Every structure is written in C-alpha cells, then in structure tokens.
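What you are looking at is a predicted structure, and each value in this text was computed from that prediction instead of being measured.
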Amino acid sequence: MPETPRRTHRLPGSRYGNRPTMKDVAARAGVGLKTVSRVVNGEPGVTPETERRVQESIEALGFRRNDSARVLRKGRTASVGLVLEDLSDPFYGPLSRAVEEVARAHGALLINGSSAEDAEREQELVLALCARRVDGLVVIPAGDDHRYLEPELRAGVATVFVDRPAGRIDADVVVSDNYGGARDGVAHLIAHGHRRIGFIGDMPGIHTASERLRGYRAAMEDAGIPVEDSWMSLGVTDPERVRRATEEMLSCPDPVTAVFTGNNRVTVTVIRVLSERSRPVALVGFDDIELADLLRPGLTVVAQDSAALGRTAAERLFRQLDGTLLAPERIELPTKLITRGSGELPPAD
C-alpha cells in the first residue's frame, strides 16, 4: 500500500514563506492587535505581564516591525543616502563611519554607494536613492552640474555636499581648506630652503585638485619664486601616470629638490619612486596615509579630518530634516600640517 504523503505546514517564523504579522503575534499572545501595536511602538497603556507575553510571542515567531507601513503613515523612511567617490579609498572610511554614527543616533539607516568618479553614475545613484524615498542625501560630487536634483530638493529631500561643492545649484557644502592647506605645505618646503618644488595632483577639473594647485602657486608667488610649467603635473591618479611625471621632474636638467603631492594616492606612488633613488628629495603630501610615521624618514603631510567632514555634513543634514536650518551655507574645516621628517629634508644641491 503506497505511503500517504506527509502534509507539511509553513511556520510563521520559518526561513521560507510569509513573514509573521502582528495578527500572528496577537493570536499567539492572546491579545488584541492594538495591544501588540502599542508594545511594538513603545507606547504606554500595556500591563507588564501583557507586555511580557507579547515580547515572548515576538521572539518565538521572529516578528519584525513593517517599517514600510510606517513610511506610508509618517512620510519618512528613517533612511539617508551617502554617495562616495570610491569606497576603496581610505580617506572615505572615517567619513562614511562618521555619517553612519550620526544617522544611527537619529534612528536612521545609512545606504551608501560609489560613483567611481563618474558624473553619470553619480546622478543615476542619487536618483535611485531618491526613488527609494530616502529622507536625505550626503553627496561627494563627481559631476559639476547638479540641476537634476532641483525637483528632489523642492520635494523636501535634505541634501548636503561634502569634500566638494555642488555645481549650478545652491546647496549646503562642507569642505576642507584645500587652498590654505596646500599653501602651508609648500611654504613649509620653501622655509627649509627649497626653490625648485614640483606639484603632482589629480584631474584639474576636480575642485580639490584645482584648489590645491592654487595654494601651491600662491606659496611660490609669496616667496617670489617663478614656477616652471615642467614642475606641475595634473591628471589621473593612475600609478603609471604619476610615476612618469615624478621621474620627469627628477630627471630634467634642473631637477626639483622637493615634491608636493595633491592626494594620498599620488603620494603612495611618489614614495615608491623616491625609494628607488639615492639622492634625497623632500616630500610633503596632502592627506595623511597609514603607516606614514613608520617610513624613513617619516612622511610630512597636510592632514584633513575626514571624520569631521562626515560628521559635520551629517549633523547639518539632520538639522535640515528637523527644520532648524534655512539658507544653505559653505562650511570650511581647517587642515593641519604634521611634520615627520620628509618635508624637513634640505635641498641636496
């Protein structure tokens, strides 16, 4: 006689099938839906014994509150988006963590993504986050035209730009003093006797790169030092391009005796090139890097506080959401010159 097939039942809290609902919790605890709702949302009016039964049912069933339903009622998702340039860049780690900590303190979830320095991808990612109804955005811009965000801003999406300003719209921005920091770093090399100082930076269209170049030029002009075109190189931070630029500056008839690098990725490649040469060359980099103090000599840097950038931007975002901010502002945070040895080397000739 063939065996009668067993009938299986899906458990409300099992891995597959429908998620448990408040109705399931109410049935198991022997209470009404309103009572479960009060417990789930931390509202008063429930006796300790009833609350205990409801909590036990919640844990037994694996119930999770449906925040989507709350969004429909309150118009808020309790989520914010963070659009970075490159998730793999160490500079953005502390910045992202700081934004997340502020968001968490406000009971919000952080969703982040990378534009990969592509303006089109940035726009696609920002609008995708808006379509998912995030309450606000912290954006490190890749593009220079953010008019695509105007409908979202009018709809009430709080937005703060960080590290670089927005393009062609009026919006809050939190940046470092890129101009002043670069000026201080190059002036430091000049104070140690250098006159032939090279600058190797990022793409000229990037706000931070152009501001750091401007600071370099200002320091040289303040010291009355004419700048040769061959001492400046801006472009992609690809190691091959940076290596070539460094070697050209060091191999010309009148080689530079010091180099100022425009960001951490450029600095790492320049350190490798200098390590292959017997003649000492002074170096100051914009952005600190890991293990900078363990190099011989230690790396002198113009450090910016990426965590402070993220924290300030996120705090400003939530002030927008609370309705305590009106007109957009530009907030500029100071940089700090950290001397460790490489920027204090005297000229070799």
Side-chain angles (χ1 to χ4, degrees), residues 176-204 206-237 239-289 292-293 295-304 334-349:
S176 294
D177 183 8
N178 294 287
Y179 166 78
R183 189 173 183 173
D184 291 345
V186 176
H188 184 73
L189 290 168
I190 294 169
H192 283 80
H194 296 277
R195 294 297 178 269
R196 301 195 304 274
I197 302 170
F199 175 86
I200 305 176
D202 208 334
M203 298 290 288
I206 297 174
H207 171 78
T208 50
S210 63
E211 283 294 283
R212 293 167 194 175
L213 175 61
R214 194 166 69 88
Y216 162 82
R217 284 183 172 278
M220 298 292 273
E221 184 179 342
D222 290 345
I225 303 172
V227 176
E228 301 286 340
D229 289 342
S230 60
W231 296 352
M232 297 176 292
S233 177
L234 280 82
V236 295
T237 56
E240 186 178 336
R241 197 281 301 181
V242 175
R243 171 176 283 276
R244 186 168 58 251
T246 309
E247 290 175 344
E248 287 172 359
M249 289 183 188
L250 297 174
S251 303
C252 60
D254 234 3
V256 298
T257 62
V259 177
F260 182 79
T261 50
N263 66 32
N264 54 1
R265 286 167 290 186
V266 173
T267 301
V268 169
T269 301
V270 171
I271 288 171
R272 289 194 172 108
V273 175
L274 296 184
S275 70
E276 299 165 2
R277 294 178 169 259
S278 56
R279 190 180 112 182
V281 176
L283 173 64
V284 174
F286 203 108
D287 291 333
D288 208 354
I289 64 171
D293 57 324
L295 297 170
R296 293 291 178 267
L299 178 65
T300 295
V301 298
V302 175
Q304 53 179 333
T335 57
K336 180 181 180 182
L337 180 68
I338 302 174
T339 58
R340 298 190 181 108
S342 69
E344 295 69 64
L345 295 173
D349 52 5

### Query
Given the rule in the salt bridge (Lys or Arg N to Asp or Glu O under 4.0 Å) test, do D222 and R183 qualify, once you have shown the distances and angles that lead to the verdict?
CA-CA 10 Å; D222 290 345; R183 189 173 183 173; 2.5 Å; yes

Just verifying a value: how many Å separate [X] [atom1] and [Y] [atom2], rounded to the nearest 0.5 Å?
X	Y	atom1	atom2	result
I271	T261	CD1	OG1	7.5 Å
L189	M220	CG	CE	9.5 Å
S342	L299	OG	CG	4.5 Å
S210	Y179	OG	OH	12.5 Å
T257	R279	OG1	CZ	7.5 Å
F199	F260	CZ	CZ	6.5 Å

Just checking, any donor-acceptor pair under 3.5 angstrom between side chains of [X] and [Y]?
X	Y	answer
T246	R277	no
R241	T269	no
T339	E344	no

### L274 and L283: CA distance, side-chain angles, deciding distance, side-chain contact (heavy atoms from CB on, under 4.5 Å) verdict
CA-CA 9 Å; L274 296 184; L283 173 64; 4.1 Å; yes

### Task
Decide, yes or no, whether a salt bridge links R340 with D288 under the criterion of side-chain N to carboxylate O below 4.0 Å.
yes

### Query
Hey, are R243 and E247 close enough for a salt bridge, meaning a charged N less than 4.0 Å from a carboxylate O?
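Yes.
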
### Message
For T208, give me all partners under side-chain contact (heavy atoms from CB on, under 4.5 Å), at least two apart in sequence or on another chain.
### Response
D163, R164, N178, I206, R212

### Name of the residue among T335, D177, D287 meeting side chain to side chain donor-acceptor pair (under 3.5 Å) with Q304
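Output: one option passes, namely D287.
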
Considering non-hydrogen atoms only, spot the tightest contact between [X] and [Y] and give its length.
X	Y	result
G198	M249	CA-SD, 3.8 Å
Y216	V227	OH-CG1, 3.7 Å
P204	L234	CA-CD2, 3.8 Å
I289	V268	CD1-CG2, 4.4 Å
P280	A348	O-CB, 4.0 Å
G224	P226	O-CD, 3.5 Å

### Task
Give a yes or no on whether E240 atom CD has more than 12 heavy-atom contacts from other residues, nucleotides or ligands under 6.0 Å away.
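For E240, atom CD is not crowded (no more than 12 foreign heavy atoms under 6.0 Å).
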
### Message
Tell me whether H194 contacts the main-chain N or O of L345 through its side chain, where contact means a donor paired with an acceptor under 3.5 Å.
### Response
yes

### Query
Can you check whether V302 reaches K336 side chain to side chain, under 4.5 Å on heavy atoms?
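With C-beta onward as the side chain, the pair stays apart.
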
### Query
V259 versus I197: any side-chain heavy-atom pair under 4.5 Å?
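No, side chains not in contact.
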
### side chain to side chain donor-acceptor pair (under 3.5 Å) between D202 and N263, intermediate numbers included
CA-CA 7 Å; D202 208 334; N263 66 32; 3.3 Å; yes

